[in-house]
Amino acid sequence: MNNIFINVNNLNDLLTAKNEYGKKAKILAGGTDLVVRMKNKMMDPEVIISIRKVDELKGIHSKKNDLIIGSLTTHSEIEENSSIKKNYYPLFQAVYSLGSPQIRNLGTIGGNIGNASPSGDTIPPLYIMDAKIKLMSKNGERIVDIKNFFKGPGKTILKDDEIIHSIIIPKGRWTKKISGFYKVGKRNALAIGVVSVAWIIKEDTIRFSFGGVSPTISTTEIKKNANKKKVEKEVLKAISPIDDIRGSKNYRRDVILNIVEKIKNDNP
Amino acid sequence: MEIRLKVNGEWKTIDVSSKETLLQVLREKLHLMGTKEGCGKGECGACTVILDGRPVPSCIVIAATIDGSEVVTVEGLTPNEGLNPIQNGLIEAGGVQCGFCTPGFVVSGTDFFKKKDKFTISELKRALSGNLCRCTGYKKILDGMLIAAKKMGKEIKDE
(Lines give C-alpha, C1' and ligand atoms only; values in the text may rest on other atoms or scores of the structure.)
Protein backbone atom coordinates (compact mmCIF):
# COMPACT_ATOMS: atom_id res chain seq x y z
CA MET A 1 0.00 0.00 0.00
CA ASN A 2 1.07 3.55 -0.60
CA ASN A 3 1.03 4.85 2.93
CA ILE A 4 0.53 8.45 3.80
CA PHE A 5 3.50 9.42 5.91
CA ILE A 6 3.33 12.40 8.22
CA ASN A 7 6.14 13.82 10.34
CA VAL A 8 4.69 15.95 13.12
CA ASN A 9 6.92 18.39 14.95
CA ASN A 10 4.83 19.33 17.96
CA LEU A 11 1.96 18.14 20.14
CA ASN A 12 -0.64 20.36 18.52
CA ASP A 13 0.15 19.06 15.04
CA LEU A 14 0.04 15.51 16.37
CA LEU A 15 -3.40 15.96 17.93
CA THR A 16 -4.67 17.62 14.75
CA ALA A 17 -3.37 14.76 12.60
CA LYS A 18 -4.80 12.11 14.92
CA ASN A 19 -8.12 13.95 14.92
CA GLU A 20 -8.16 14.00 11.14
CA TYR A 21 -7.07 10.44 10.40
CA GLY A 22 -8.38 8.63 13.51
CA LYS A 23 -8.40 4.86 13.24
CA LYS A 24 -6.59 4.85 9.90
CA ALA A 25 -3.46 6.31 11.49
CA LYS A 26 -0.82 4.44 13.44
CA ILE A 27 1.56 6.38 15.64
CA LEU A 28 5.22 5.64 14.99
CA ALA A 29 7.36 6.35 18.05
CA GLY A 30 10.51 4.21 18.46
CA GLY A 31 9.31 1.76 15.84
CA THR A 32 10.74 -1.30 17.61
CA ASP A 33 7.37 -2.99 17.27
CA LEU A 34 5.49 -1.19 14.48
CA VAL A 35 8.33 -1.17 11.94
CA VAL A 36 9.08 -4.83 12.58
CA ARG A 37 5.41 -5.68 12.04
CA MET A 38 5.30 -3.60 8.88
CA LYS A 39 8.39 -5.34 7.53
CA ASN A 40 6.87 -8.73 8.35
CA LYS A 41 3.74 -7.62 6.46
CA MET A 42 1.67 -8.12 9.58
CA MET A 43 0.54 -4.54 9.40
CA ASP A 44 0.25 -1.88 6.70
CA PRO A 45 -1.34 1.24 8.14
CA GLU A 46 -2.93 3.69 5.73
CA VAL A 47 -1.44 6.61 7.58
CA ILE A 48 1.74 6.65 9.63
CA ILE A 49 2.28 9.57 11.98
CA SER A 50 5.89 9.81 13.11
CA ILE A 51 6.22 11.58 16.45
CA ARG A 52 9.96 11.39 16.94
CA LYS A 53 10.26 15.19 16.95
CA VAL A 54 7.47 15.91 19.45
CA ASP A 55 9.55 17.26 22.32
CA GLU A 56 6.51 17.90 24.55
CA LEU A 57 6.19 14.12 24.98
CA LYS A 58 9.78 13.57 26.07
CA GLY A 59 11.44 13.54 29.44
CA ILE A 60 11.00 12.74 33.11
CA HIS A 61 9.65 15.50 35.36
CA SER A 62 9.28 15.54 39.11
CA LYS A 63 6.17 17.33 40.36
CA LYS A 64 5.05 17.86 43.95
CA ASN A 65 3.06 14.65 44.27
CA ASP A 66 3.87 12.78 41.08
CA LEU A 67 6.63 11.65 38.81
CA ILE A 68 5.67 12.32 35.20
CA ILE A 69 7.22 10.30 32.39
CA GLY A 70 6.52 11.59 28.87
CA SER A 71 5.27 8.83 26.58
CA LEU A 72 8.11 9.38 24.10
CA THR A 73 10.80 8.84 26.76
CA THR A 74 13.06 5.94 25.75
CA HIS A 75 13.83 2.96 27.93
CA SER A 76 17.48 4.08 28.04
CA GLU A 77 16.50 7.50 29.35
CA ILE A 78 14.38 5.88 32.08
CA GLU A 79 17.21 3.49 32.96
CA GLU A 80 19.67 6.38 33.28
CA ASN A 81 17.43 8.46 35.58
CA SER A 82 18.88 8.30 39.10
CA SER A 83 15.59 8.98 40.85
CA ILE A 84 13.89 6.09 39.05
CA LYS A 85 16.75 3.76 39.93
CA LYS A 86 16.54 4.77 43.58
CA ASN A 87 12.84 5.17 44.26
CA TYR A 88 10.99 3.39 41.45
CA TYR A 89 13.18 0.31 41.43
CA PRO A 90 10.74 -2.17 39.79
CA LEU A 91 10.46 0.14 36.77
CA PHE A 92 14.23 0.57 36.66
CA GLN A 93 14.71 -3.20 36.65
CA ALA A 94 12.08 -3.64 33.95
CA VAL A 95 13.73 -1.21 31.53
CA TYR A 96 17.19 -2.49 32.50
CA SER A 97 16.24 -5.98 31.34
CA LEU A 98 14.20 -4.89 28.33
CA GLY A 99 15.31 -5.74 24.79
CA SER A 100 18.93 -4.88 24.06
CA PRO A 101 20.95 -1.64 24.30
CA GLN A 102 19.97 -0.78 20.73
CA ILE A 103 16.28 -1.50 21.36
CA ARG A 104 16.30 0.47 24.62
CA ASN A 105 17.72 3.45 22.71
CA LEU A 106 14.78 3.44 20.31
CA GLY A 107 11.81 2.00 22.16
CA THR A 108 9.60 4.23 24.27
CA ILE A 109 7.50 3.67 27.38
CA GLY A 110 4.41 4.99 25.58
CA GLY A 111 4.92 2.43 22.84
CA ASN A 112 5.36 -0.35 25.37
CA ILE A 113 2.06 0.58 26.99
CA GLY A 114 0.19 1.39 23.78
CA ASN A 115 0.97 -2.01 22.26
CA ALA A 116 -0.77 -3.56 25.25
CA SER A 117 1.17 -6.79 25.04
CA PRO A 118 0.50 -9.10 28.01
CA SER A 119 4.32 -9.34 28.18
CA GLY A 120 5.04 -5.58 28.01
CA ASP A 121 7.91 -5.23 30.48
CA THR A 122 7.10 -1.79 31.87
CA ILE A 123 3.46 -2.58 32.63
CA PRO A 124 3.66 -4.80 35.77
CA PRO A 125 5.82 -2.22 37.63
CA LEU A 126 3.41 0.57 36.69
CA TYR A 127 0.51 -1.52 38.00
CA ILE A 128 1.92 -2.01 41.48
CA MET A 129 2.98 1.62 41.71
CA ASP A 130 -0.64 2.67 40.95
CA ALA A 131 0.36 4.64 37.86
CA LYS A 132 -2.10 6.64 35.84
CA ILE A 133 -2.01 7.43 32.15
CA LYS A 134 -2.76 10.82 30.69
CA LEU A 135 -4.52 10.61 27.34
CA MET A 136 -4.97 13.57 25.08
CA SER A 137 -6.97 14.49 22.02
CA LYS A 138 -7.82 17.63 20.11
CA ASN A 139 -10.95 17.79 22.24
CA GLY A 140 -9.40 17.51 25.67
CA GLU A 141 -7.60 15.19 28.00
CA ARG A 142 -8.38 12.53 30.58
CA ILE A 143 -6.40 10.68 33.19
CA VAL A 144 -7.10 6.99 33.67
CA ASP A 145 -5.87 4.39 36.09
CA ILE A 146 -3.48 2.02 34.34
CA LYS A 147 -5.62 -0.86 35.62
CA ASN A 148 -8.52 0.43 33.50
CA PHE A 149 -6.45 1.14 30.39
CA PHE A 150 -6.08 -2.36 28.96
CA LYS A 151 -8.97 -4.34 27.50
CA GLY A 152 -7.05 -7.40 26.35
CA PRO A 153 -3.96 -8.38 24.34
CA GLY A 154 -3.27 -5.48 21.99
CA LYS A 155 -6.46 -3.72 23.07
CA THR A 156 -6.81 -0.52 25.07
CA ILE A 157 -9.47 2.07 25.81
CA LEU A 158 -7.61 4.61 23.66
CA LYS A 159 -10.10 6.36 21.36
CA ASP A 160 -9.40 6.87 17.67
CA ASP A 161 -8.41 10.51 18.12
CA GLU A 162 -6.42 10.02 21.33
CA ILE A 163 -2.73 9.66 22.06
CA ILE A 164 -0.83 8.62 25.18
CA HIS A 165 0.62 11.83 26.58
CA SER A 166 2.39 10.72 29.74
CA ILE A 167 2.58 8.28 32.62
CA ILE A 168 1.89 9.64 36.08
CA ILE A 169 3.35 7.75 39.03
CA PRO A 170 2.37 8.90 42.53
CA LYS A 171 5.55 9.79 44.44
CA GLY A 172 6.87 6.88 46.43
CA ARG A 173 9.96 5.23 47.81
CA TRP A 174 9.96 1.85 46.15
CA THR A 175 13.57 1.05 46.78
CA LYS A 176 15.66 -2.01 46.04
CA LYS A 177 15.03 -3.21 49.59
CA ILE A 178 11.26 -3.42 49.35
CA SER A 179 10.46 -3.93 45.70
CA GLY A 180 11.64 -5.44 42.45
CA PHE A 181 10.97 -6.91 39.03
CA TYR A 182 11.74 -10.38 37.85
CA LYS A 183 11.51 -11.70 34.31
CA VAL A 184 11.97 -15.18 32.93
CA GLY A 185 12.72 -15.43 29.23
CA LYS A 186 14.78 -17.66 26.99
CA ARG A 187 17.91 -15.58 27.43
CA ASN A 188 18.91 -12.23 28.88
CA ALA A 189 19.03 -9.93 25.87
CA LEU A 190 16.21 -9.52 23.38
CA ALA A 191 13.99 -12.32 24.62
CA ILE A 192 10.35 -11.46 25.17
CA GLY A 193 9.48 -12.43 28.71
CA VAL A 194 7.63 -15.69 29.17
CA VAL A 195 6.48 -14.43 32.55
CA SER A 196 7.32 -11.36 34.59
CA VAL A 197 6.62 -10.32 38.16
CA ALA A 198 6.79 -6.94 39.85
CA TRP A 199 6.50 -6.76 43.63
CA ILE A 200 6.33 -4.29 46.48
CA ILE A 201 6.31 -4.93 50.22
CA LYS A 202 3.78 -2.95 52.23
CA GLU A 203 4.06 -3.74 55.95
CA ASP A 204 3.05 -7.42 56.34
CA THR A 205 1.83 -7.79 52.76
CA ILE A 206 3.56 -8.30 49.42
CA ARG A 207 1.76 -6.86 46.39
CA PHE A 208 2.42 -8.66 43.14
CA SER A 209 1.64 -7.95 39.52
CA PHE A 210 2.17 -10.59 36.87
CA GLY A 211 2.91 -10.23 33.14
CA GLY A 212 2.54 -12.96 30.53
CA VAL A 213 0.06 -15.07 32.48
CA SER A 214 -3.27 -13.46 31.64
CA PRO A 215 -4.80 -11.35 28.82
CA THR A 216 -3.67 -8.19 30.62
CA ILE A 217 -1.58 -7.76 33.74
CA SER A 218 -2.96 -9.49 36.84
CA THR A 219 -2.39 -8.57 40.47
CA THR A 220 -2.64 -10.14 43.89
CA GLU A 221 -1.64 -9.49 47.48
CA ILE A 222 -0.16 -12.07 49.76
CA LYS A 223 0.48 -11.90 53.48
CA LYS A 224 4.10 -12.50 54.33
CA ASN A 225 3.15 -15.25 56.79
CA ALA A 226 0.81 -17.09 54.41
CA ASN A 227 1.58 -20.79 53.99
CA LYS A 228 2.47 -22.34 50.66
CA LYS A 229 -1.02 -23.67 50.03
CA LYS A 230 -2.63 -20.31 50.65
CA VAL A 231 -0.07 -18.56 48.39
CA GLU A 232 -0.76 -21.04 45.62
CA LYS A 233 -4.51 -20.52 45.95
CA GLU A 234 -4.21 -16.72 45.78
CA VAL A 235 -1.82 -16.73 42.80
CA LEU A 236 -3.89 -19.22 40.81
CA LYS A 237 -6.98 -17.14 41.44
CA ALA A 238 -5.24 -14.14 39.86
CA ILE A 239 -3.73 -15.71 36.74
CA SER A 240 -5.08 -17.49 33.65
CA PRO A 241 -2.01 -18.59 31.67
CA ILE A 242 -2.20 -20.02 28.16
CA ASP A 243 0.00 -22.16 25.91
CA ASP A 244 1.85 -20.22 23.27
CA ILE A 245 5.06 -20.17 21.28
CA ARG A 246 7.13 -19.01 24.26
CA GLY A 247 5.91 -21.44 26.89
CA SER A 248 3.15 -23.77 28.03
CA LYS A 249 0.35 -22.95 30.42
CA ASN A 250 1.75 -25.31 33.05
CA TYR A 251 5.27 -23.96 32.69
CA ARG A 252 4.02 -20.40 33.17
CA ARG A 253 2.00 -21.40 36.24
CA ASP A 254 4.93 -23.23 37.83
CA VAL A 255 7.41 -20.43 37.12
CA ILE A 256 5.09 -17.79 38.59
CA LEU A 257 4.54 -19.88 41.72
CA ASN A 258 8.27 -20.42 42.10
CA ILE A 259 9.07 -16.73 41.67
CA VAL A 260 6.43 -15.74 44.21
CA GLU A 261 7.79 -18.31 46.64
CA LYS A 262 11.33 -17.04 46.11
CA ILE A 263 10.36 -13.40 46.65
CA LYS A 264 8.45 -14.41 49.79
CA ASN A 265 11.43 -16.38 51.14
CA ASP A 266 13.86 -13.58 50.32
CA ASN A 267 11.75 -11.11 52.31
CA PRO A 268 10.81 -12.81 55.56
CA MET B 1 10.25 12.99 0.41
CA GLU B 2 13.53 14.74 0.90
CA ILE B 3 15.48 14.45 4.16
CA ARG B 4 18.77 15.82 5.36
CA LEU B 5 21.14 13.64 7.34
CA LYS B 6 24.58 14.34 8.71
CA VAL B 7 26.36 11.11 7.89
CA ASN B 8 29.90 10.63 9.22
CA GLY B 9 30.25 14.38 9.58
CA GLU B 10 28.92 15.38 6.19
CA TRP B 11 25.40 16.70 5.45
CA LYS B 12 23.57 14.77 2.73
CA THR B 13 20.22 15.47 1.10
CA ILE B 14 18.47 12.23 0.24
CA ASP B 15 15.15 11.40 -1.41
CA VAL B 16 13.43 8.61 0.51
CA SER B 17 10.16 6.70 0.31
CA SER B 18 7.89 6.31 3.33
CA LYS B 19 9.00 2.77 4.15
CA GLU B 20 12.69 3.00 3.41
CA THR B 21 14.90 2.15 6.37
CA LEU B 22 18.03 3.97 7.45
CA LEU B 23 19.95 0.79 6.62
CA GLN B 24 18.68 0.84 3.03
CA VAL B 25 19.58 4.50 2.68
CA LEU B 26 23.09 3.93 4.01
CA ARG B 27 23.82 0.92 1.82
CA GLU B 28 21.85 1.58 -1.34
CA LYS B 29 21.86 5.36 -1.62
CA LEU B 30 25.04 6.38 0.13
CA HIS B 31 26.93 3.18 -0.74
CA LEU B 32 28.24 2.75 2.79
CA MET B 33 28.48 -1.02 2.77
CA GLY B 34 30.07 -1.47 6.20
CA THR B 35 26.69 -1.63 7.90
CA LYS B 36 25.20 -5.10 7.40
CA GLU B 37 21.70 -6.46 7.32
CA GLY B 38 21.37 -9.55 9.48
CA CYS B 39 17.93 -10.40 10.83
CA GLY B 40 16.23 -7.28 9.49
CA LYS B 41 14.10 -6.93 12.60
CA GLY B 42 16.30 -5.25 15.16
CA GLU B 43 17.49 -8.34 16.99
CA CYS B 44 21.00 -9.18 15.82
CA GLY B 45 22.89 -5.88 15.92
CA ALA B 46 24.69 -6.31 12.57
CA CYS B 47 23.14 -3.04 11.34
CA THR B 48 24.05 -0.99 14.42
CA VAL B 49 24.87 2.68 13.77
CA ILE B 50 25.07 5.68 16.09
CA LEU B 51 21.96 7.81 15.68
CA ASP B 52 22.05 11.16 17.51
CA GLY B 53 24.63 9.80 19.91
CA ARG B 54 23.17 6.37 20.62
CA PRO B 55 23.61 2.94 19.01
CA VAL B 56 20.43 1.77 17.26
CA PRO B 57 19.48 -1.00 14.81
CA SER B 58 19.31 0.91 11.50
CA CYS B 59 17.15 -1.82 9.91
CA ILE B 60 14.08 -0.74 11.90
CA VAL B 61 14.57 3.02 11.72
CA ILE B 62 12.40 4.57 9.01
CA ALA B 63 14.65 7.11 7.32
CA ALA B 64 11.81 9.59 6.80
CA THR B 65 11.43 9.93 10.59
CA ILE B 66 14.97 11.16 11.25
CA ASP B 67 15.25 14.26 9.07
CA GLY B 68 17.97 16.49 10.52
CA SER B 69 19.65 13.72 12.53
CA GLU B 70 23.28 12.77 12.84
CA VAL B 71 24.36 9.26 11.89
CA VAL B 72 27.77 7.66 12.39
CA THR B 73 28.51 4.34 10.69
CA VAL B 74 31.49 2.02 11.04
CA GLU B 75 33.13 3.92 8.17
CA GLY B 76 32.92 7.08 10.26
CA LEU B 77 34.67 5.37 13.16
CA THR B 78 37.55 4.20 11.01
CA PRO B 79 40.49 6.56 10.55
CA ASN B 80 41.62 7.44 7.01
CA GLU B 81 44.85 5.58 7.59
CA GLY B 82 44.78 2.21 9.33
CA LEU B 83 42.16 1.08 11.81
CA ASN B 84 40.79 2.18 15.16
CA PRO B 85 41.92 0.51 18.43
CA ILE B 86 38.83 -1.73 18.58
CA GLN B 87 39.27 -2.96 15.04
CA ASN B 88 42.95 -3.65 15.76
CA GLY B 89 42.06 -5.35 19.04
CA LEU B 90 39.57 -7.65 17.33
CA ILE B 91 42.17 -8.63 14.74
CA GLU B 92 44.84 -9.23 17.37
CA ALA B 93 42.54 -11.42 19.48
CA GLY B 94 41.12 -13.36 16.54
CA GLY B 95 37.71 -11.86 17.18
CA VAL B 96 36.82 -11.78 13.49
CA GLN B 97 35.84 -14.99 11.75
CA CYS B 98 33.24 -14.60 9.02
CA GLY B 99 33.24 -10.89 9.85
CA PHE B 100 29.57 -10.20 9.20
CA CYS B 101 28.79 -9.11 12.77
CA THR B 102 32.07 -7.23 13.19
CA PRO B 103 30.96 -3.73 12.08
CA GLY B 104 28.09 -3.87 14.59
CA PHE B 105 30.45 -4.88 17.37
CA VAL B 106 32.88 -2.13 16.40
CA VAL B 107 30.08 0.45 16.58
CA SER B 108 28.72 -0.79 19.94
CA GLY B 109 32.21 -1.15 21.43
CA THR B 110 33.40 2.26 20.20
CA ASP B 111 30.30 3.93 21.62
CA PHE B 112 30.80 2.19 24.98
CA PHE B 113 34.41 3.29 25.35
CA LYS B 114 33.62 6.78 24.14
CA LYS B 115 31.30 7.17 27.11
CA LYS B 116 33.32 5.29 29.74
CA ASP B 117 36.84 5.69 31.04
CA LYS B 118 36.37 3.15 33.82
CA PHE B 119 34.26 0.07 33.31
CA THR B 120 33.44 -3.37 34.67
CA ILE B 121 33.53 -6.47 32.49
CA SER B 122 29.79 -6.96 32.99
CA GLU B 123 29.10 -3.39 31.84
CA LEU B 124 31.09 -4.10 28.69
CA LYS B 125 29.29 -7.40 28.12
CA ARG B 126 25.95 -5.69 28.61
CA ALA B 127 26.86 -2.98 26.09
CA LEU B 128 27.60 -5.74 23.57
CA SER B 129 24.54 -7.85 24.45
CA GLY B 130 22.54 -6.56 21.47
CA ASN B 131 25.12 -7.85 19.00
CA LEU B 132 25.02 -11.48 17.99
CA CYS B 133 27.94 -13.50 16.63
CA ARG B 134 27.49 -17.03 15.38
CA CYS B 135 31.19 -17.82 14.86
CA THR B 136 33.45 -16.76 17.66
CA GLY B 137 31.59 -17.71 20.81
CA TYR B 138 32.18 -14.11 21.97
CA LYS B 139 35.28 -14.85 24.05
CA LYS B 140 37.67 -13.54 21.43
CA ILE B 141 35.50 -10.53 20.71
CA LEU B 142 35.61 -9.66 24.40
CA ASP B 143 39.38 -10.24 24.44
CA GLY B 144 39.72 -7.89 21.47
CA MET B 145 37.71 -5.21 23.24
CA LEU B 146 39.92 -5.56 26.33
CA ILE B 147 43.09 -5.24 24.25
CA ALA B 148 41.61 -2.05 22.78
CA ALA B 149 40.59 -0.77 26.21
CA LYS B 150 44.14 -1.19 27.46
CA LYS B 151 45.57 0.65 24.44
CA MET B 152 43.11 3.49 24.97
CA GLY B 153 44.10 3.78 28.64
CA LYS B 154 40.71 2.65 29.98
CA GLU B 155 40.54 1.26 33.48
CA ILE B 156 38.80 -1.97 34.42
CA LYS B 157 36.90 -1.73 37.72
CA ASP B 158 36.04 -4.63 40.01
CA GLU B 159 32.45 -5.84 39.76
> Does the A:Lys53 side chain pair with the main chain of B:Asp67, one donor and one acceptor, at a distance under 3.5 Å?
Replying inline: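 Pair found, side chain donor or acceptor close to backbone of B:Asp67.
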
> Under 3.5 Å, is there a donor-acceptor pair between the side chain of B:Lys19 and the main chain of A:Met38?
Replying inline: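 No; judged by distance alone, with no hydrogens or angles, the pair does not exist.
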
> Where on A:Ile48 is there a heavy atom nearer than 4.5 Å to chain B: the side chain, the backbone, both, or neither?
Replying inline: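 It is neither, since no heavy atom gets under 4.5 Å.
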
State, yes or no, whether a side-chain contact exists between [X] and [Y] at a heavy-atom distance under 4.5 Å.
{"X": "A:Arg104", "Y": "B:Arg54", "value": "no"}
{"X": "A:Gln102", "Y": "B:Val107", "value": "no"}
{"X": "B:Val61", "Y": "A:Val35", "value": "no"}

>> Just checking A:Lys58: does its NZ atom have more than 12 heavy atoms from other residues, nucleotides or ligands closer to it than 6.0 angstrom?
In response: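 Enclosed.
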
>> Looking at A:Lys26, I want to see if its NZ is surrounded by more than 12 non-hydrogen atoms of other residues, nucleotides or ligands under 6.0 Å.
In response: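 No, NZ of A:Lys26 has 12 or fewer neighbouring heavy atoms, counting only those of other groups under 6.0 Å.
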
>> Can you tell me how far apart CD1 (B:Ile66) and OG (A:Ser50) are? Round to the nearest 0.5 Å.
In response: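 If we round to the nearest 0.5 Å, B:Ile66:CD1 and A:Ser50:OG are 10.0 Å apart.
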
> Can you tell which of B:Ser18, B:Pro55, B:Ser108 has the highest number of heavy-atom pairs within less than 4.5 Å of chain A?
Replying inline: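 The option with the most such pairs is B:Pro55.
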
>> Under a 4.5 Å cutoff for heavy-atom pairs, which residue among B:Leu51, B:Val56, B:Thr65 has the most contacts with chain A?
In response: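 It is B:Thr65.
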
> Taking every heavy-atom pair that is under 4.5 Å apart, which of A:Thr32, A:Leu106, A:Leu34, A:Asn105 has the most such pairs with chain B?
Replying inline: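 The option with the most such pairs is A:Asn105.
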
>> For B:Arg126, is there an ion pair with A:Glu79 - N to carboxylate O distance below 4.0 angstrom?
In response: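 A salt bridge is present here (some side-chain N lies under 4.0 Å from a carboxylate O).
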
> With only heavy atoms counted, which part of B:Ala127 is less than 4.5 Å from chain A, the side chain, the backbone, both or neither?
Replying inline: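 Answer is backbone: N, CA, C or O of B:Ala127 sit under 4.5 Å from chain A.
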
